[in-house]
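Structure, as structure tokens:
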Amino acid sequence: MSQQIQNKEKCSRCGKNNLVTESGELFCSSCGFVIAEKISDSGPERMFSDTSVNKSRTGDRTSLTRHDQGLSTIINPLNKDASGKPLSALMKASLNQLRKLNSRSSVNPSVDRNLQQALSELLKMKEKLSLSDAVAEKAAYIYRKALERKLVRGRSISALIASSLYAACRESGIPRTLKEVSSAINITKKDLSACYRLILKELDLKMPVVDSVSCIAKIASIANLSEKTKRYAIKFLKKAEQEQILAGKDPMGMAGSALYLASIMTDEHITQKDIAMAAGTTEVTIRNRCKNLRSLNVS
DNA sequence: TAAGATAAGAGGGACAT
DNA sequence: ATGTCAGTCTTATCTTA
């Protein structure tokens with residue numbers, strides 16, 4: 001899902017004409033300079049089943065705040081996914097079930113109430129985590145599927161909607177950690193991850209592994225690191241990928257360590273503590289990952 | 001003060017029972 | 001369904017340069 005979209009502007013650092021947007025960040029594919037984060041995705045993201053097709057992307061809120069007026073807007077009848085590709089037969093089938101659920105829920109006060117509460121929580125989280133509408137839409141969609149599977153029974157709405165949002169982030173390749181999401185809605189990381197795994201299992205979702213390279217941009221901007229350092233860090237990660245030492249490791253930890261080692265090479269002194277803070281992990285983890293990474297020869 | 005080392009504890013996956 | 005096992009990450013504490 002992480003398609004790159006070319007942009008016409010020039011990079012303000014290297015001047016080249018290679019700006020792309022990916023994972024909600026606008027950056028230069030030549031030098032890696034990040035021009036803006038959290039920009040709204042310019043790709044196709046919604047289709048409308050009603051007649052008002054020409055709504056501006058940046059205009060009014062649409063389906064998210066209209067849960068009480070008509071759920072049908074969120075599931076378009078075209079059987080296309082967010083990027084406009086046709087859906088698989090399996091997806092079509094589940095969409096049909098979902099439409100049935102929607103038509104039923106308008107006369108089912110309990111489901112309706114649940115949705116209202118979940119969506120208002122979702123909006124809060126979306127603001128706190130600075131996420132795009134597209135991700136929120138995706139999260140709402142996942143949540144409805146979870147509702148349909150009766151996954152709320154015995155679980156808190158907060159946990160379920162939070163894990164839906166986390167899943168949406170993962171699917172979109174936007175780096176948000178379990179920790180960030182869980183603290184945005186005041187549930188424990190443990191609950192969130194348990195709920196997230198349940199959703200993956202029950203809904204049979206397949207998530208891409210978090211790309212540690214995309215974590216680099218995030219950490220580096222928090223820690224104020226130079227482009228040069230970032231480039232070295234990416235080299236480290238590429239090498240690490242070849243050597244297959246990335247598997248099973250926390251991507252934020254890997255990215256943080258790569259940046260740390262890179263910052264030594266570029267004489268850009270940053271402490272392990274600061275890196276760990278920026279990466280949302282601990283110094284110990286940074287050190288352990290560094291041990292793995294040090295055996296690699298990157299020049 | 002920063003970095004390295006060590007140990008205890010938690011949570012989750014794989015696998016067997 | 002439940003238990004065990006190996007591997008990972010986190011937290012806390014101590015040592016080293």
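Order of the sequence lines sets the chain letters (A, B, ...), proteins ahead of strands, with each chain counted from 1.
Residue A:Lys190 places no side-chain N or O under 4.0 Å from the OP1 or OP2 atom of B:dA10. Between C:dT8 and A:Arg289, no contact under 4.0 Å exists linking OP1 or OP2 to a side-chain N or O.
Under the side chain to side chain donor-acceptor pair (under 3.5 Å) criterion, A:Glu180 pairs with A:Thr177, A:Lys218, not counting sequence neighbours. With sequence neighbours left out, A:Thr229 forms a side chain to side chain donor-acceptor pair (under 3.5 Å) with A:Ser226, A:Thr266, A:Glu268.
Within 4.0 Å (heavy atoms only), A:Tyr260 reaches sugar-phosphate atoms of the nucleic acid but no base atom.
Under the 4.5 Å side-chain criterion, counting only non-hydrogen atoms from C-beta, A:Tyr143 is in contact with A:Val152. For the pair A:Ile286 and A:Cys290, the minimum side-chain heavy-atom distance is below 4.5 Å.
In this structure, A:Arg155 does not pair ionically with A:Asp191, as no charged nitrogen and carboxylate oxygen lie closer than 4.0 Å. A salt bridge is defined here as a Lys NZ or Arg NE, NH1 or NH2 lying under 4.0 Å from an Asp or Glu carboxylate O, and A:Glu148 with A:Lys145 fails to meet this definition.
Taking atom CG of A:Asn292 as the reference point, atom P of B:dG4 lies 14 Å away to the nearest angstrom. Rounded to whole Å, atom P of B:dA3 lies 10 Å from atom NE2 of A:His269. Taking atom CD of A:Gln272 as the reference point, atom C1' of B:dT1 lies 12 Å away to the nearest angstrom. Distance, A:Ile264 CD1 to B:dG4 C1': 13 Å, rounded to whole Å. The NZ-P distance, from A:Lys291 to B:dG4, rounds to 10 Å in whole Å. Straight-line distance from the NZ atom of A:Lys273 to the P atom of B:dG4: 16 Å, rounded to whole Å. Remark: P of B:dG12 and NZ of A:Lys201 are 13 Å apart, rounded to the nearest angstrom. Distance A:Leu198 CG to B:dG13 P: 12 Å, rounded to the nearest Å.
Here the straight-line distance linking atom NZ of A:Lys230 with atom CD1 of A:Ile219 works out to 11.0 Å at 0.5 Å rounding.
Which of C:dC9, B:dG12, B:dA3 sits closest to the side chain of A:Ser193 comes down to B:dG12.
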Scoring nucleotides 10-15 of chain C by protein non-hydrogen atoms under 4.0 Å (B base, S sugar-phosphate only, - none) yields BBB---

